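Below: the structure, in structure tokens.
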Amino acid sequence: DITANINGIQLPLCIMNASGVLCSTDQELSNLLDSHSGGVVTKSCTSQPRKGNILPRYFEWNMGSINSMGLPNFGIHFYLGFLEEKKINKPIFLSISGLSTEENYYLIQKANQSSKVTAIELNLSCPNLIGKENVFGYNFDKISNFIEKIFKFNKKPLGIKLPPYFQDAHIKNIASILNQFPIFFVTCINSLPNGLFIDANKESVVICPKKGFGGIGGPIIKPFALANIRKFYTYLRKDISIIGCGGISSGKDIFEHILCGASAVQIGTQFMKEGVSVFERLKKELILILEKKNYSSLNNFKGKLKNL
Ligand code: DHB
């Protein structure tokens with residue numbers, strides 16, 4: 001049994017896509033609905049359509065990926081319209097990423113009006129906006145006020161997509177803020193912001209926007225994802241689920257995320273590399289590990305990482 005329960009939201013499989021990857025267009029979202037993915041997370045949207053940053057804006061190498069997409073999306077009305085027209089067979093996580101707190105309130109209001117949205121994934125961690133360089137998730141003093149206002153009107157299950165943190169005190173601080181609100185889940189982590197990958201042969205950066213700087217994903221970020229999941233698992237209220245994201249390319253990686261405390265996981269870079277067949281492959285790999293270890297469900301080992 002590798003189904004998942006995100007604070008009451010039942011997923012037929014604990015594996016889904018990470019927001020941003022192959023979840024922007026009608027075709028991509030239809031493919032996800034038809035895939036083995038346990039849920040569908042939509043591309044982070046804004047109130048109006050955006051073209052995003054100049055190309056090339058995505059690059060991958062054996063150990064990871066770098067992106068500076070700049071929030072290209074068709075606007076919230078496109079995503080809500082798509083959901084209205086489709087037969088929905090699994091939980092839908094509408095990712096929203098307003099450029100201001102006011103825009104986020106508007107987006108959450110709109111999401112509340114759609115019966116097809118299972119939950120909102122509020123993205124506080126986009127690192128790639130030109131002229132808006134700050135990752136909101138690092139604004140420790142503003143987050144509390146912002147979330148308090150949201151829960152004055154929000155009725156939908158709501159989770160928060162967080163950036164990676166690198167200090168214990170930062171995670172303690174964010175967790176103690178989130179613990180004051182009826183949050184359903186946190187998704188951690190988003191890409192490591194402001195990385196730089198270069199091509200030594202060409203003596204050049206590999207993506208165009210922001211002089212080559214961008215968000216890092218893929219295998220090299222797994223230790224940071226595991227660390228954030230582990231710390232949030234210890235500091236968050238037990239009824240706030242954790243969706244793990246970062247560096248998953250095998251069933252073993254998923255097993256590790258769950259050992260640290262994740263209730264479900266999202267696949268970004270590896271989904272980009274492999275396409276929708278990744279979900280069935282990872283499902284098989286995870287089932288094999290559980291069979292070998294004689295575990296019958298995720299709850300047998302979730303969060304049960306041992307210390308030495
Ligand atoms: C983009 C990147 C992110 O990491 C994110 O959380 C939202 C948007 C982007 O560049 O499109």
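As the structure is a prediction and not an experimental result, all values here were calculated from the model. First listed ligand is number 1; within each ligand, the first listed atom is number 1.
Only the side chain of Ser191 comes within contact range of ligand 1, with a heavy atom under 4.0 Å; no backbone atom does. Contacts with ligand 1 closer than 4.0 Å are made by side-chain heavy atoms of Lys43 only, the backbone lying farther away. Under 4.0 angstrom from ligand 1, the non-hydrogen atoms of Leu71 come from both its backbone and its side chain.
Asp168 and Tyr235 form a side-chain donor-acceptor contact under 3.5 Å, judged by distance and modelled atom types alone.
For atom 4 (O) of ligand 1, the closest non-hydrogen atom of the protein is Asn190 OD1, 2.9 Å. Nearest protein heavy-atom neighbour of atom 2 (C) of ligand 1: Asn128 ND2, 3.4 Å. Closest protein heavy atom to atom 1 (C) of ligand 1: Cys126 SG, 3.4 Å.
For the pairing with Ser44, the side-chain hydrogen bond (donor to acceptor under 3.5 Å, both in side chains) check across Asn190, Asn123, Asn73 returns one residue only, Asn123.
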From CA spacing to verdict: side-chain hydrogen bond (donor to acceptor under 3.5 Å, both in side chains), Asp199, Ser204: CA-CA 5 Å; Asp199 182 330; Ser204 165; over 6 Å; no

CA sep, side-chain torsions, deciding dist, call: Glu285, Ser250, side-chain hydrogen bond (donor to acceptor under 3.5 Å, both in side chains): CA-CA 7 Å; Glu285 291 180 7; Ser250 69; 4.7 Å; no

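Close approach of ligand 1 to Asn123 (heavy-atom distance below 4.0 Å) involves ligand atoms 5 (C), 6 (O), 7 (C). Atoms of ligand 1 lying under 4.0 Å from any heavy atom of Pro72, numbered from 1 in the order shown and given with element: 11 (O).
You'll find the ring centres of Phe136 and Phe146 inside the 6.0 Å limit. Aromatic pair Phe93/Phe184: centroids not less than 6.0 angstrom apart.
The N/O atoms of Ser44, backbone and side chain alike, include none that comes under 3.5 Å of an N/O atom in ligand 1.
At least one heavy atom of Gly70 lies less than 4.0 angstrom from ligand 1. At least one heavy atom of Pro127 sits closer than 4.0 Å to an atom of ligand 1.
Ion pairing between a basic and an acidic side chain is recognised when a charged N comes within 4.0 Å of a carboxylate O; Glu256 and Lys222 show such pairing.
Applying the side-chain hydrogen bond (donor to acceptor under 3.5 Å, both in side chains) rule to Glu60 yields the partners Tyr58; only residues at least two apart in sequence or on another chain are considered.
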